[in-house]
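One structure below.
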Amino acid sequence: MTDIDLTTLSTTKSIQLSHGGGGQEMNKLIKGLFFKSFDNDILRNEEDAAVLTLEGNTAFTTDSFTVSPLFFAGGNIGKLAIAGTVNDLAMMGAKPQYLSCSVIIEEGFDVANLKTIVDSMANELSISGAKIVCGDTKVVPKGCADGLFINTTGVGTITKSGISVRNLKQGDAIIVSRDIGRHGAAILMAREGLTLESELISDCNTLWPAVEALIAADLDIHAMRDATRGGLSAVLNEWAQASDIGINVVEDDVPVSEEVRGLCELYGFEPFDLANEGTFIIALPQEQAEKALEVLSAFAACGDAAIIGEVSDDYAGRVILTSGWGSRRYLDLPQGELLPRIC
């Protein structure tokens, strides 16, 4: 593959409509940036469709990313796109293998920023070993998109079957992999221009290594879900309704950083409702809970992993939150849109 100098993409070093026109400029953009960063044998074939070899049950997912701002503490839209899609596969016990990547770029977008985003995507891919094997690039006139939108679709081989929102059992322990609400709080800070004495960054991260270790430990995982939009509240309510069980959560056992707690108090938010992008929830038999925590402790991002509750046969379809004072209330699904465009 010819090594194309990125400065030749545009004399103004910004994306032009011609970069989506199918001619020389588009060829330079695709081969000089995307192919160079995502290089692999399948992508290099430059066919209209990637030819894949899949074995056994396969998980398949897709997502679009429109986060605002594009860059935030702990990540950017590119890192988020790869981690988000890989994590959706991981939550089904699937080893991420192949991804597609489609980008919609607004005319005038800075090429240096685009390179930073694409490089971060390549770095995040290396964590799971997944490959981008096909894609699409569109350039739209200025004002028709907010800088950059990304769609990624992923497939992966299921290495552990039976993980499902409908598979929770009475007595299961509920575990959260780390402190909650970081991504939503980081996006809020970026939008409002807030600064804190201690640095708060998004939890945006690829979860497959931790999930792979849990599977290798032969744990009887009943359900897993990354707590993205709607946060912990959304995941637990979806589980309770899908499995027709009740879930009891102890508020004081849910890890929340002081920075996130402070922002929630300032804006009137619940940390349980804030989005995460590198935090997942696990349901598995109570007797295996401590072993799961031991496995997670080997990962720096899971240092705050904790047992936060259990599944019961009371209040089927509802989540009950017990406060530090002993009072109990329903932890309901979030209502409305607290923070639009967080992913």
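Computed from a predicted structure; not experimentally measured. The basis for the numbers below is simple: all heavy atoms, side chains too, and nothing from hydrogens, waters or symmetry mates. In what follows, residues are counted from 1 in the order of the sequence shown.
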I'd like to check the salt bridge (Lys or Arg N to Asp or Glu O under 4.0 Å) partners of R328; sequence neighbours left out, ordered by chain and number. none
Show the atom names and distances, to 0.1 Å, of all donor-acceptor pairs under 3.5 Å that link a side chain in residues 187-194 to residues at least two apart or in another chain.
unit_1 : atom_1 : unit_2 : atom_2 : d
R191   : NE     : S68    : O      : 2.7
R191   : NH1    : P340   : O      : 2.9
R191   : NH2    : S68    : O      : 2.9
R191   : NH2    : P340   : O      : 2.5
R191   : NH2    : R341   : O      : 2.7

Shortest non-hydrogen contact between P334 and D273, atoms and distance: CG-OD1, 3.7 Å
Looking at R182 and E199, does any basic side-chain N land under 4.0 Å from a carboxylate oxygen? no
Residue pair H222 / D172, side-chain donor-acceptor N/O under 3.5 Å: yes
When every non-hydrogen atom of I215 is compared with those of G93, the smallest separation belongs to CD1-CA, 4.0 Å
Is it true that D332 and R318 have a side-chain N and a carboxylate O under 4.0 angstrom from each other? yes
Pairing donors with acceptors under 3.5 angstrom, does anything connect the side chains of N151 and S64? yes
Salt bridge or not between R229 and E277? Use side-chain N to carboxylate O under 4.0 Å. no
Any side-chain donor-acceptor pair under 3.5 Å between E251 and S323? no
Would you call the rings of Y267 and F269 parallel, tilted or perpendicular, where under 30° means parallel and over 60° means perpendicular? parallel
Heavy atoms from other residues, nucleotides or ligands near CD of E55 exceed 12 (cutoff 6.0 Å): no
Regarding S14 and Q16, do their side chains bring together a donor and an acceptor under 3.5 Å, going by distance alone? yes
On a heavy-atom basis, which atom in L214 and which in I282 lie closest, and how many Å separate them? CD1-CD1, 3.7 Å
One pair to check against side chain to side chain donor-acceptor pair (under 3.5 Å): K115 and N113. What are the steps and the verdict? CA-CA 5 Å; K115 184 178 187 306; N113 284 341; over 6 Å; no
Check: N76/S120 side-chain N/O donor and acceptor closer than 3.5 Å: yes
Do you reckon I15 sits in the same ILVMFWY cluster as F71, going by side-chain contacts under 4.5 Å, direct or chained? yes
Carboxylate-amine/guanidinium proximity below 4.0 Å for D39 and R44: yes
